[in-house]
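Here the structure comes first, spelled out in structure tokens, and everything after it is commentary.
Just so it is clear: chains get the letters A, B, ... in the order the sequence lines come, proteins before strands, and each one is counted from 1. The shown structure was predicted, so the numbers you read here are calculated from the model rather than taken from an experiment.
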Number of protein chains: 2
Amino acid sequence: MALRRVAIDTWRENVAYLHRDCAVYRAEGFQALSKIEVRANGRHILATVNVVDDAAIVGCNELGLSEDAFAQLDVENGHTVSVTQAEPPESMGALFRKIAGERLTRADYAAIVRDIAGHHYSKIELTAFVVACNRDELDREEVFFLTDAMVASGRRLDWHEPLVVDKHCIGGIPGNRTTMLVVPIVAAHGMLCPKTSSRAITSPAGTADTMEVLANVELPFEQLADIVRDYRGCLAWGGTANLSPADDVLISVERPLSIDSAGQMVASILSKKVAAGATHLVLDIPIGPTAKVRSMPEAQRLRRLFEYVARRMGLSLDVVITDGRQPVGNGIGPVLEARDVMRVLQNDPDAPNDLRQKALRLAGRLIECDPDVRGGDGYAIARDILDSGRALRRMEDIINAQGSKGFDHLHPQLGPLTFEVCAPESGTVVGIDNFQIARVARLAGAPKVQGAGVDLMHKLGATVAQGDVLYRVHAGYPADLEFARQASARDIGYRLGDADAVPQVFVEF
Amino acid sequence: MALRRVAIDTWRENVAYLHRDCAVYRAEGFQALSKIEVRANGRHILATVNVVDDAAIVGCNELGLSEDAFAQLDVENGHTVSVTQAEPPESMGALFRKIAGERLTRADYAAIVRDIAGHHYSKIELTAFVVACNRDELDREEVFFLTDAMVASGRRLDWHEPLVVDKHCIGGIPGNRTTMLVVPIVAAHGMLCPKTSSRAITSPAGTADTMEVLANVELPFEQLADIVRDYRGCLAWGGTANLSPADDVLISVERPLSIDSAGQMVASILSKKVAAGATHLVLDIPIGPTAKVRSMPEAQRLRRLFEYVARRMGLSLDVVITDGRQPVGNGIGPVLEARDVMRVLQNDPDAPNDLRQKALRLAGRLIECDPDVRGGDGYAIARDILDSGRALRRMEDIINAQGSKGFDHLHPQLGPLTFEVCAPESGTVVGIDNFQIARVARLAGAPKVQGAGVDLMHKLGATVAQGDVLYRVHAGYPADLEFARQASARDIGYRLGDADAVPQVFVEF
């Protein structure tokens with residue numbers, strides 16, 4: 001049959017389009033949702049059949065493939081391909097046992113993850129695996145098996161150095177851009193920190209989105225390696241490196257189901273870090289009433305699971321439980337967050353102190369991984385690097401090496417359409433809802449519209465008078481502004497009250 | 001936007017095709033797998049977005065809909081439609097709670113099933129629901145809630161008679177075509193038995209496939225009602241009646257995952273029966289080493305769940321646990337099974353006695369639902385109806401009313417390509433693997449090729465000499481014959497041994 005590229009993006013599921021009158025379809029007893037194996041040039045892929053009745057999409061002697069599938073097969077349009085009913089993926093038996101609630105072996109996880117990374121699973125099978133592993137279905141040994149298999153599913157970087165540091169936050173706190181401060185600080189201290197980050201999935205900005213305001217973040221690996229050799233650090237998007245590719249496939253079904261179980265979170269984060277070649281990791285778990293983790297016992301359970309799996313993976317891990325009661329910094333959205341980061345690096349008096357302090361403490365923890373640094377000295381070393389301007393210079397070096405966008409933090413290009421949300425009464429700020437503020441920022445256009453987002457004027461504990469501006473919303477398009485306005489009208493995301501009603505959290509710093 | 005029918009069959013998932021450069025796509029921030037609401041003429045449907053880069057599939061000002069979705073919207077090609085980001089389905093919160101392992105309320109199940117029947121769930125959400133309800137996750141009250149909601153999701157027939165009987169088997173036993181004998185027997189006794197059946201999903205033939213050898217089974221409801229009024233029974237395909245439509249959607253993901261949990265089986269079967277207007281049901285649960293149910297304790301657990309839910313639904317239920325150690329009758333495949341059924345009705349000396357006996361006992365149980373029949377008399381009444389030819393005449397009436405295909409049971413049109421599987425040694429038949437025999441029959445082409453299948457020459461307990469024919473395989477196409485030959489070469493599906501090694505089951509009859 002002749003291959004035909006069908007320009008449909010089916011979002012990480014391989015779909016094959018076969019005409020209903022196609023001889024292969026009729027002879028082999030394929031049906032809708034059958035899985036077929038497509039072979040050409042020594043390669044083969046699996047795809048799920050959609051039946052087509054329109055020869056303008058695929059003809060009777062053609063096999064159509066969706067964009068992803070076409071790219072995987074990697075032959076030109078019109079190439080001859082052969083098609084057979086696919087054997088079920090090797091790991092199907094293991095999947096059925098997991099659905100039935102059994103504990104799986106290391107070999108089972110290896111087979112499942114190989115099939116997932118190889119796009120052998122349909123969306124249905126993928127979802128079944130994710131849901132069957134949800135809740136407390138995975139014991140900690142299984143989480144290790146899953147993590148290990150995910151690392152093995154893709155590329156694993158080796159930096160040929162004994163100490164490769166990384167930091168990560170489990171997420172959920174808007175504005176929390178400490179990575180862009182920690183990397184230049186620890187790199188200036190001489191530690192190797194080849195940082196790859198993600199783009200926003202459900203948040204108003206990921207580190208990669210914010211860094212992209214300052215510099216190019218989509219770089220070929222060889223160029224990244226050069227930058228890391230020259231400057232001991234980089235701040236790039238991790239999507240091109242093929243690190244733990246099964247994770248990206250799993251996320252495609254976890255996201256629409258809002259699934260974020262402890263086991264899957266641990267496997268996702270640690271597999272990416274180990275694949276990226278990290279030897280030492282500082283992990284930030286924020287807790288607060290609207291954070292992902294709501295209580296200290298829950299944070300401690302999660303910490304123990306991270307620590308167990310990290311030890312099995314040979315990764316040195318330092319978990320830090322932090323204050324997640326409110327957004328970090330003032331700006332939420334790529335440009336606004338880039339502005340805050342640059343203000344901190346410039347030692348600008350308008351720099352948000354909470355962002356500065358959190359970054360210094362995390363950087364200090366990483367610096368203490370250096371065998372020549374005494375325990376407790378890390379914070380002061382980090383502060384010296386920041387205050388002396390060495391962190392700024394290192395950041396400028398990295399920005400220039402990756403390709404500067406010429407960002408001017410004194411005149412950031414914010415979304416020109418704005419409205420302000422004001423205090424409905426006088427009082428103390430006793431609550432800021434991370435979810436609601438993130439929702440308003442996303443509706444305003446972040447991260448797609450770089451200058452869109454929310455700029456907070458007051459944080460927890462501040463005293464405000466009725467009518468004071470609590471935050472300003474920036475948008476690029478009238479429709480976005482209107483969506484954000486409606487959302488903030490329903491719930492402004494701030495609670496005002498008595499000064500003693502500010503929620504307390506007891507965290508390490 | 002202009003509606004465009006995209007002739008792609010996406011198998012019960014609504015897919016919307018939007019061009020990447022489409023204004024709506026860009027403005028609203030849709031992305032692959034976003035769900036959108038499409039409105040036209042006062043109707044609305046939800047669909048999952050696939051992004052298209054080819055204007056030959058959809059143009060920038062067009063909205064493409066897959067076949068199913070297009071049919072649901074029910075307006076002509078080119079009609080103006082409006083599109084918005086869909087609110088998440090009403091029941092999404094309940095779904096997330098079920099994924100998290102919580103018990104759901106009656107209102108939760110009503111909302112979930114309404115969304116499923118309304119095609120508001122994506123494949124991912126559907127799979128998540130099925131897997132989250134798998135195993136023992138549903139308590140019996142929840143199974144009742146689910147069943148009740150499934151009945152409410154579609155049409156519910158009312159025959160305006162106090163006694164409407166039905167029979168059902170949980171499946172898994174090839175050749176088990178008792179329904180086609182029970183219906184004419186009980187109808188000849190005067191009981192109302194408006195039987196709708198399914199086609200094969202994973203088996204070599206369903207009752208509808210086998211009946212289709214004899215008569216038309218796809219009839220409009222009004223014609224069925226006339227036949228039932230005239231002859232007290234019918235044997236039709238249930239797919240057109242919109243009975244428990246959510247069940248059909250759920251099956252579309254249960255099948256590829258081989259999920260067949262007790263709760264889902266009970267809800268699926270009982271919802272269809274109640275929706276079809278049955279008041280009395282005889283349910284056949286076969287047990288045996290290769291049946292769905294392997295042991296008596298398991299059968300009893302399943303029986304209790306069926307009985308509990310049936311009572312809550314107001315359905316009078318009689319569960320019969322039967323011998324499922326081997327196929328019933330001799331033929332497996334539509335024509336072969338139709339031949340066996342007609343032989344029994346004709347009182348042909350070659351008729352398979354196990355099929356005859358099982359049908360008489362099940363019919364006897366149903367006849368005892370007649371308040372004028374004494375307990376224990378049902379079997380003899382059924383036997384009189386069969387032996388006297390009254391059952392045959394009633395069957396002929398029903399066949400003619402539905403539209404006879406002129407089947408000649410003395411000269412059935414079997415697949416012309418055949419091979420025989422012979423005993424590799426002498427001995428007693430001590431095992432026949434239901435799964436393997438069904439697999440060989442399916443590979444030979446059943447049920448698509450009506451004359452394809454397996455014809456068994458010996459059953460459990462028979463003594464055979466080396467080289468005796470155990471079964472003959474019929475196929476319509478050389479490729480099918482070869483697939484079946486390979487499968488039976490790997491495993492003939494028969495075990496031979498000592499006479500005392502025949503497995504015993506202690507069933508009610």
Side-chain angles (χ1 to χ4, degrees), chain A residues 5-13 15 17 20 27-29 31-35 48-57 66-67 88 92 95-96 99-101 122-132 134-137 252-253 255-259 261 442-443 445 448 477 479-480 483, chain B residues 5-13 15 17 20 26-29 31-35 48-57 66-67 92 95-96 99-101 122-132 134-137 252-253 255-259 261 442-443 445 448 477 479-480 483:
Chain A
R5 174 178 167 192
V6 177
I8 296 179
D9 177 356
T10 50
W11 190 247
R12 298 191 190 283
E13 177 169 25
V15 175
Y17 299 93
R20 195 177 299 277
E28 298 265 348
Q31 41 191 343
L33 299 194
S34 281
K35 244 184 296 185
T48 302
V49 172
N50 275 195
V51 181
V52 174
D53 287 294
D54 180 353
I57 299 173
S66 60
E67 292 283 15
M92 209 47 43
L95 172 63
F96 292 169
I99 293 172
S122 67
K123 274 274 176 295
I124 290 175
E125 289 151 359
L126 211 55
T127 307
F129 177 68
V130 165
V131 175
N134 196 28
R135 283 176 269 169
D136 302 322
E137 302 292 352
S252 73
V253 302
R255 184 192 60 172
L257 293 173
S258 304
I259 283 182
S261 74
R442 273 187 78 89
L443 288 169
K448 264 195 181 178
Y477 299 102
D480 291 348
F483 280 130
Chain B
R5 174 177 167 191
V6 177
I8 296 180
D9 177 357
T10 50
W11 190 245
R12 298 190 190 285
E13 179 170 26
V15 176
Y17 299 93
R20 195 178 298 279
R26 297 173 69 94
E28 297 266 346
Q31 41 191 344
L33 299 196
S34 280
K35 243 183 296 185
T48 302
V49 172
N50 276 195
V51 181
V52 174
D53 288 294
D54 180 354
I57 300 173
S66 61
E67 292 282 17
M92 208 47 43
L95 172 63
F96 291 169
I99 293 172
S122 67
K123 274 273 177 295
I124 290 175
E125 289 150 358
L126 212 54
T127 307
F129 177 68
V130 165
V131 175
N134 196 28
R135 283 176 269 170
D136 302 322
E137 301 293 351
S252 73
V253 303
R255 185 191 59 172
L257 293 173
S258 304
I259 283 181
S261 74
R442 272 186 80 87
L443 288 169
K448 263 196 181 180
Y477 299 102
D480 291 346
F483 280 131

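Thr127(A) and Thr127(B) form no side-chain donor-acceptor contact under 3.5 Å, judged by distance and modelled atom types alone.
At least one side-chain heavy atom of Glu125(A) sits under 4.5 Å from a side-chain heavy atom of Leu257(B). In this structure the side chain of Ile8(B) reaches within 4.5 angstrom of the side chain of Ile8(A), judged on heavy atoms.
Only the side chain of Tyr17(A) comes within contact range of chain B, with heavy atoms under 4.5 Å apart. Heavy atoms of Phe96(B) lying under 4.5 Å from chain A belong exclusively to its side chain. Within the 4.5 angstrom heavy-atom criterion, no atom of Leu126(B) approaches chain A.
Highest contact tally toward chain A, considering only Val253(B), Val15(B), Ile99(B), is held by Ile99(B) [criterion: heavy-atom pairs under 4.5 Å].
Take Asp54(A) and apply the side chain to side chain contact (heavy atoms under 4.5 Å, CB included) test, not counting sequence neighbours, and it matches Val52(A), Ala56(A), Ile57(A), Ala7(B).
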